Student: 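Let me begin by handing over the structure; questions about it come next.
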Amino acid sequence: TVSDATGTPISFANVAERGIQNGTTTAVDGTYSITVAENAVLTFSFVGYQTATVQVNGQSTVNVTLQEGDALDEVVITALGIKRQERELGYAVQTLDAEDIQEVKSVNLVDNLQGKIAGVTVTPGATGVGSSSKITIRGEASFSNNNPLFIVDGTPVNNNSVFNFTNEAAAGFQEVDFGNGAGEINQDDIASVSVLKGPAAAALYGTRAANGAIIIETKSGGKRPGLGISYNTSFFMDSAFKLPEFQNEFGQGNSGQFEYVNGLGGGINDNISYSWGPRLDQGTLIPQFDSPVTLPDGTVVRGGDTSLYSGLPITPTPFVSHPDNLKNFYETGYTAINNIAVSNGFEKGDYRLSFTDLRSESIIPGVNLDRQTVAAKLNFRPSDKTKINASINYVNSESDNRPSNGYGSENVNYSLVAWGPRSLNIDSLRDYWQPGLEGVQQYSFNYTFFDNPYFILKENRNSFGRDRLFGNISISRELTPELTATVRSGMDYSNEKRRFLRNYSSNRFRNGAYAEHDVLYREVNTDFLLNYKKQFGDISFDASAGGNRLNQYAQTTQVQTTSLAQPGIFSLNNAASPIETFGFTSEKRINSLYAFAKAGYKNFLYLDITARNDWSSALATPFSAENTSFFYPSASTSFILSNVVELPRVIDFAKIRASYAEVGNDTDPYQTQGTFLSQTPVNSQPTFTNQDFIPNANLKPETTSSIELGFDLRLLKQRLNVDFTYYNAVTDDQILSLPIAVSSGFSQQVVNGGSVRNQGVEIILNAIPVQTPEFQWSSTVNFASSRAIVESLPQEDGRLTLGFSRVYNNSDQTVFHQVEEGGRVGDLYGTGYTRNENGDFVLTPEGRFIADPTLKKLGNYNADFTVGLTNSFQYKNFDASFLLDWRQGGILVSRTLALGAVAGQLEETSFRPEAGIVANGVVNTGTAQNPIYVQNTTAVTAESYYRQFYDRNHEENNVYDASYLKLRQFSIGYNFVLKEGAFGIFGDVADLRLSLIGRNLFAFSEIPHFDPEQLAVQGQGFVNGVEDMSYASTRSIGIKAGINF
Amino acid sequence: CTDDFEELNTNPNAPVNVQPSLLLRKVIYDYGEQMSYEGFVAGGLLSQHLTALDFNLFDRHALKSPQLGGDPWPIFYRNLRDNEIIINQSQSTPAFAVYEGPALIFKAYMTAGLTDIFGDVPYTEAFKGLSGTVQPKYDLQENIYLQPGGILDNLDQGIAAIQNYSGTIRLEGDVLFNGDLQAWVRFANSLKIKALMRISAKENVNAQLQALYNGQNYISSNAQNAVFNFTDGEPNNFRMARLRAGDFNNFVMSETMEEVLEGLNDDRINVLFRPRANNSNRDNYEGLINGIDASSTSVSLADYSLAGRIFRENTGMLDANYMTAWETNFLLAEAAQKGLITAPAQQLYETGVAQAYEYWNTELPVSYLSMTGAYAANGNDPLQQIITQKWIANMINGYEGWIEYRRTGFPVFKQVSASLNNGLIPVRMPYPAEEAALNADNYKIAADATNDNSINVAVWWDE
């Protein structure tokens, strides 16, 4: 019989013989029977109870009492790495286990969190494998900084994305994304990920955890003595998730005409690659860039080989469509991840060593990422009173090419999607040098703006190599039974070298270019902590006091030449123009003292109090360190109702929690004093200009005050669990770079001001709808919704511009991120065409739209709510799991649509009647004061209509609803239980698992052209809500095999 | 807990103070470089020197939708800010006193460029953000020209500062005159002549102009020009040399320019433009009407003339133009022709033409001044000849061609092909949208005075 602590029988508990596939479940009265070997080991398990293991030793009856526990007493990692029982906590923490992370891995750790944690939003980058992904917890409440803090084994690690130096004009290097720091934390080494969502959970980590903290614990050697080895391999095949839908009826040209002569304007409309040209597939013969040119000596070159052979007749070739040209351009990518780990528990501790090799070839030709990780962890107890822990991780990441971001000729989507004419046979571009000019002159379909995409990806590369070391060592000593002292020091160090290669004949660098970019980052955190623990009767008491010193050092140096003496030699020694250097070094220190106490009364009431004081060097001026100190407290309480009052029997557990917390937030270094900046030298002599922002010597820290309420309810023998959280946080005195009128001489001013209230709810539902001895279906739903409303702004009225995204340096081609009082953070503004009060377009008598220069709200890029739904099924040794991810609401402004439709490439423009298009709108036949609107009846040419409707100066017509329902990941697996001694090598507890896995498989979305999840890069940072000539994202399907012995 | 914080938060990357020479070099170069680029990609369209083939809403006179350039406002204010720092340094530190005169003169020069383009602009309260004024009020153009601290006053103050300077510390960072203070006085006097002619319809400037002419201490030969000589290689080449082929190829000779140059049988066409690719019937040069509707017009670049090699391949031959002898002589010729001063108008004109030809590296044909380029050729109004000659030579000189057209009506501009401004030639640039958003109260007053920031409301001197 299996029963609980009160003697009540437990029905449907699992009983299994360890090591082999033999099991049963208990009957309604808790009894069971099973035939086992004499020396078998039986395990008894049931949801809500701790698993028990019993040696049979020949007994015929084995009665077992299961202790309550398991989910209820789930241990979670909280601030400062302190393990606590979840029941004690007065705030929301959500935890993922190793299996949640490791079954279907992603290249970027952050992507693997999407949909799995209520309130966590992940947006992947736009440039394929190796891109940064942006993560936020509970939406965006700060105007300037919404990044959560990442902690590995108790020490902060950076999640920086450092971009190269660029200039805004349509020249120079475009921005390249080299990945975010947290993305390269190795998933195979993770034991758990705890997300501390609110400031209460994070108060003890200080300012950087104001936006929540993601606490990662790596795997230890484990308590089990003896050597353990595990190996697993995952192999994914990657393909393009979604490609633009093109029109395939009209080819290159304008006004229906086209003839290629030199791709520079020598022919009819061959200077630019609109697809407003002749109809395709009509049997028409037209000279094209890949049409043959026969030289006098009989050799044949191509029409586009103009540098040596211009002016010769080009033999016309069929003007045909290439519906799959982009599809064929993308390749099948793969990602292989192999991990081997050795672990060992011994008398005085344990260790684990792990090596992981990740290789990924992108679907984008020539783009890849290789990453090797070595992790070592040691827990050592030299005496009963002393513990030494060390966790060391070394990561080496490399890529031969990271593709350029954004709108411009270094992004292949510029020449393939926006301006890739539909008559273009992309395959003809594979041979990308002009004959006789290899290494000097590219061959392309156009020489005005567009580079050959293969030339860009294979020759004009942006490579990098990064060494990173992070980890910590801690020692703790029990001074008395009540008092323990701990000292810990950790470091995150990374050193990265980037190279930017540009060949002769590149559009932006006619004589080539070369840049080297070194990025160095070092952060050292040193802590001490004294802990006092004692039980006073019914009251348990636990208090700690400690201190932390954070030293942060960042250095970035880009050295470049924008012209090369000899083609193809990428070295600064080969510079043909003065070498330019851009560098920035910054240093920051935060000293902190903190204390916290927790008390428990019996087993139902828990109270935590924390207090922290930070001193940040970033708030100091060069003359004074006053005003650098800030203090913030928090309190939280947990009340376990089910342990106090008799609740209906259906309720197993009920807990109510509440917390209040404040967190301060400082700023980046050097905001308190102005400097002069070096500018272009003139005749080799130096020049300087004043910086463009007005510093502020009186900066105060931002503060966030937050209230959080929630409950945790477990019903029906814990087959239904509900966790509900409501939070309400106000962030005041935001530190921001306020845009100011340049007539003041400056464009930004650093100020404190503004207030944002962020409210939201999170609901986590766990259910086990079906549970039979052989089959179990469990389901988890994460629901989150948050709204950050601006309550006040630093200026009296109007709107505050937080950022913008531009095509060129043109204020008309701009999406503005602006906020106004009562508005939401994430509101996007842009321009459109004039409408009347009914919302109809008001057209000119000629039937054309009228530009309306006033900025109007396009929408908000944040979701109204998000839902993550995981369903897991278990049948005997089979299991399957699906994660569906639903995002409702939010908008995306699409550059692909704006440019690709203006240029006549996208399917939206396939309707081109001879008679022209009558725009849907009205014409004012009255006066401005007394308008009389009549429906427009005047047609304009299709080309004219589409070019105006989607014009990039006006964003309103280029907005999509960003909602989607996505099949995020799935896995179907089978567990083999290996018999002892199988294949002669496996011990008694070896297991082998095979699974079919997939990620980012399918989405319902109104957006026809690309993955609805988009993040743009511009101005050395991320821009949400804008799709900026993105590359196709990937759909991954693969297999995984893992063995433990 | 705050040990070393002062030092830690002192920016190690950049200086807190700099020598005025480093700022002066930057201001002069940056202004000239940027305004020369503006003068090609935006000023060249408004002046009808060039036509844009595509991406040309600006050329169709939607002046708020430029593709390249077309946003001169911040160029003025950033450089005026740095220039103001030089003035403050020169007035507070005796060792820097030599910078006062040139900085005041350059302030007057940039201010005139600013107000001539926009009309009323923030001035007396402007570029003072560091002392707390981040929403400067707008000043009337009349006051900007005439009041103490205004353009004319600053030119006088600048000259006086130079004349009163008795130190031996040289002016450094002077990329115009290499520290020659007397050259700055000539520059200032030429700028005075220009400023007085600008406002000559509003003010009686005769006596001042006559005195300047009589003094003869203005830029009178090309050797004295205020110019910066672009280089062939980076980084001091003309910006069109660095941009993509397509950016350069988007600009061709305008029809207005073609008619003027061909009408004058002007050899400078060979320098300013290049023959079109499709030159079948020996008609080498072809201009295109400004402001076409690119979505309904199929044009072939090969049928039109691109700008000359001097603007892309050989920019070592090109100058950024701040003030020249020919511009001064044309201004004086106009003053004499109009009877504002007593001077030989035709002689001044002919000197100007010869200097302008020399400036553009072209041999003046012997017959030019007696035939098509003659002072009153074919019964033309001499005024038209003077302004037209200046207009030709002013290519890439910011927005000057358009500004002088507004003032004089010469040369006669064509209506653009597909105007987005009801067929009108704009007479001012609109204030940028940022002013409406960030300096709203003051902007509103200025916008109200210009019929809601209309580009069809004339500035004060043009009323």
Side-chain angles (χ1 to χ4, degrees), chain A residues 170-171 254-255 257 264-266 268-269 271-272 447-449 507-508 562-563 577-578 584-585 587 589 591 615 617-618 620 622-623 625 628 669-670 672 675-677 679-680 682-683 685-690 694 739-746 749 798 810-812 853 941 943-944 947 953, chain B residues 1-2 5-6 8-16 18 22-23 25-26 29 54 57 62 64-67 73-74 77-78 81-82 85 122 126-130 133-136 175 233-236 242-247 249 277 295-296 298 300-302 432-435 437-440:
Chain A
N254 287 42
S255 312
Q257 297 174 38
L264 271 169
I268 300 165
N269 300 321
N271 54 320
I272 182 137
Y447 296 106
T448 53
F449 298 104
N507 251 302
R508 286 167 172 251
T562 50
S563 144
S577 65
F584 194 76
T585 302
E587 232 177 319
R589 174 177 298 161
N591 294 323
W615 291 263
S617 70
F623 315 105
T628 57
Y670 318 135
T672 59
T675 57
F676 289 84
L677 308 173
Q679 300 288 290
T680 311
V682 180
N683 298 330
Q685 301 281 309
T687 65
F688 276 83
T689 186
N690 201 16
I694 302 176
I740 54 175
V742 74
S743 47
S744 70
F746 299 84
Q749 183 181 23
N810 179 338
S811 64
D812 255 43
T941 65
E943 174 178 349
S944 192
R947 284 182 65 171
N953 283 287
Chain B
C1 283
T2 58
F5 271 18
E6 294 89 344
L8 271 170
N9 209 33
T10 298
N11 192 332
N13 302 289
V16 171
V18 294
L22 301 174
L23 293 170
R25 186 179 292 120
K26 179 262 168 183
Y29 173 74
D54 202 344
L57 296 175
K64 284 195 156 194
S65 301
Q67 183 75 7
W73 182 273
Y77 281 102
R78 294 217 167 91
R81 170 200 68 201
D82 286 340
I85 295 170
F127 34 87
K128 292 184 170 62
L130 277 183
T133 308
V134 295
Q135 298 196 342
V175 297
E234 295 191 26
N236 299 136
R242 299 200 292 273
L243 294 193
R244 299 167 300 174
D247 294 320
N249 285 5
S295 67
S296 60
S298 190
S300 181
L301 172 63
E434 284 87 344
E435 277 291 307
L438 302 173
N439 191 13

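Letters A, B, ... mirror the listed sequences (proteins, then strands); counts begin at 1. All values reported here derive from a predicted model rather than from experimental measurement.
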Student: Check whether any side-chain heavy atom of B/R244 sits under 4.5 Å from a side-chain heavy atom of A/Y447, and report yes or no.
Tutor: no
Student: Decide yes or no for B/W73 and B/E434: does some side-chain heavy atom of the first lie under 4.5 Å from some side-chain heavy atom of the second?
Tutor: no
Student: Answer yes or no: is there a donor N or O on one side and an acceptor on the other, between the side chain of A/T687 and the main chain of A/T680, under 3.5 Å?
Tutor: yes
Student: Find the one option among A/I272, A/N271, A/L677, A/N591 whose heavy-atom pairs under 4.5 Å with chain B are most numerous.
Tutor: A/N591
Student: Contact part of A/S743 toward chain B, heavy-atom cut-off under 4.5 Å: side chain, backbone, both or neither?
Tutor: both
Student: Could you tell me which portion of B/P136 (side chain, backbone, both or neither) has an atom closer than 4.5 angstrom to a non-hydrogen atom of chain A?
Tutor: side chain
Student: B/Y77 side chain to B/P122 main-chain N or O, any donor-acceptor pair under 3.5 Å?
Tutor: yes
Student: Counting only heavy atoms closer than 4.5 Å, note whether A/T628 contacts chain B via side chain, backbone, both or neither.
Tutor: side chain
Student: So which part of A/N953 gets closer than 4.5 Å to some heavy atom of chain B, the side chain, the backbone, both or neither?
Tutor: side chain
Student: Heavy-atom pairs under 4.5 Å with chain A - which of B/T10, B/N11, B/L23 has more of them than the others?
Tutor: B/N11
Student: When heavy-atom pairs shorter than 4.5 Å are enumerated against chain B, which of A/S617, A/G265, A/A625 gives the highest number?
Tutor: A/S617
Student: Quick check: does any side chain N or O of B/R81 sit under 3.5 Å from a backbone N or O of A/N690, one acting as donor and the other as acceptor?
Tutor: yes
Student: Determine whether A/T562 and A/R508 satisfy the following criterion, side-chain hydrogen bond (donor to acceptor under 3.5 Å, both in side chains), listing intermediate values before the conclusion.
Tutor: CA-CA 9 Å; A/T562 50; A/R508 286 167 172 251; over 6 Å; no
Student: Please test B/D82 against A/F688 for side-chain contact (heavy atoms from CB on, under 4.5 Å), starting from the C-alpha separation and ending with a verdict.
Tutor: CA-CA 9 Å; B/D82 286 340; A/F688 276 83; over 6 Å; no
Student: Heavy-atom distances under 4.5 Å only: say whether B/A433 touches chain A with side chain, backbone, both or neither.
Tutor: neither
Student: What part of A/Q685 is in contact with chain B, defined as an atom under 4.5 angstrom from a non-hydrogen atom: side chain, backbone, both or neither?
Tutor: both
Student: With sequence neighbours excluded, what pairs up with A/E943 under the salt bridge (charged side-chain N to carboxylate O under 4.0 Å, His left out) test?
Tutor: A/R947
Student: So which residue, A/L264, A/T689, A/N254, A/T672, ends up with the most heavy-atom pairs under 4.5 Å with chain B?
Tutor: A/T689
Student: What part of B/N9 is in contact with chain A, defined as an atom under 4.5 angstrom from a non-hydrogen atom: side chain, backbone, both or neither?
Tutor: both
Student: What part of A/Q749 is in contact with chain B, defined as an atom under 4.5 angstrom from a non-hydrogen atom: side chain, backbone, both or neither?
Tutor: side chain
Student: Which residue out of B/P74, B/P12, B/A126 racks up the most heavy-atom pairs below 4.5 Å with chain A?
Tutor: B/P12
Student: Hey, which of B/P432, B/P235, B/S296 has the most heavy atom pairs under 4.5 Å with chain A?
Tutor: B/P235
Student: Under a 3.5 Å distance rule, please check whether A/S255 uses its side chain to pair with a backbone N or O of A/Q257 as donor and acceptor.
Tutor: no
Student: Under 4.5 Å heavy-atom distance to chain A, tell me which part of B/Q135 shows up: side chain, backbone, both or neither.
Tutor: neither
Student: Does any non-hydrogen side-chain atom of B/Q67 lie less than 4.5 Å from one of B/L57?
Tutor: no
Student: Between B/Y29 and A/N683, do the side chains contain an N or O donor and an N or O acceptor separated by less than 3.5 Å?
Tutor: no
Student: Which bit of A/F676 comes within less than 4.5 Å of chain B, counting heavy atoms only: side chain, backbone, both or neither?
Tutor: both
Student: For B/K128, is it the side chain, the backbone, both, or neither that has a heavy atom closer than 4.5 Å to a heavy atom of chain A?
Tutor: backbone
Student: In terms of heavy-atom proximity below 4.5 Å to chain A, should B/V16 be classed as side chain, backbone, both, or neither?
Tutor: both
Student: Which one of A/S577, A/P578, A/P686 has the most heavy-atom pairs closer than 4.5 Å to chain B?
Tutor: A/P686
Student: Name the region of B/T133, side chain, backbone, both or neither, that has any atom closer than 4.5 Å to a heavy atom of chain A.
Tutor: backbone
Student: Does the pair A/Y670 and B/N13 meet the rule for a side-chain contact (heavy atoms from CB on, under 4.5 Å), with working shown?
Tutor: CA-CA 10 Å; A/Y670 318 135; B/N13 302 289; 4.2 Å; yes
Student: Given that the side chain runs from C-beta out, which part of B/I85 has a heavy atom under 4.5 Å from chain A: side chain, backbone, both or neither?
Tutor: side chain
Student: Checking A/N507 side chain against A/F449 main chain: does a donor-acceptor pair fall under 3.5 Å?
Tutor: yes
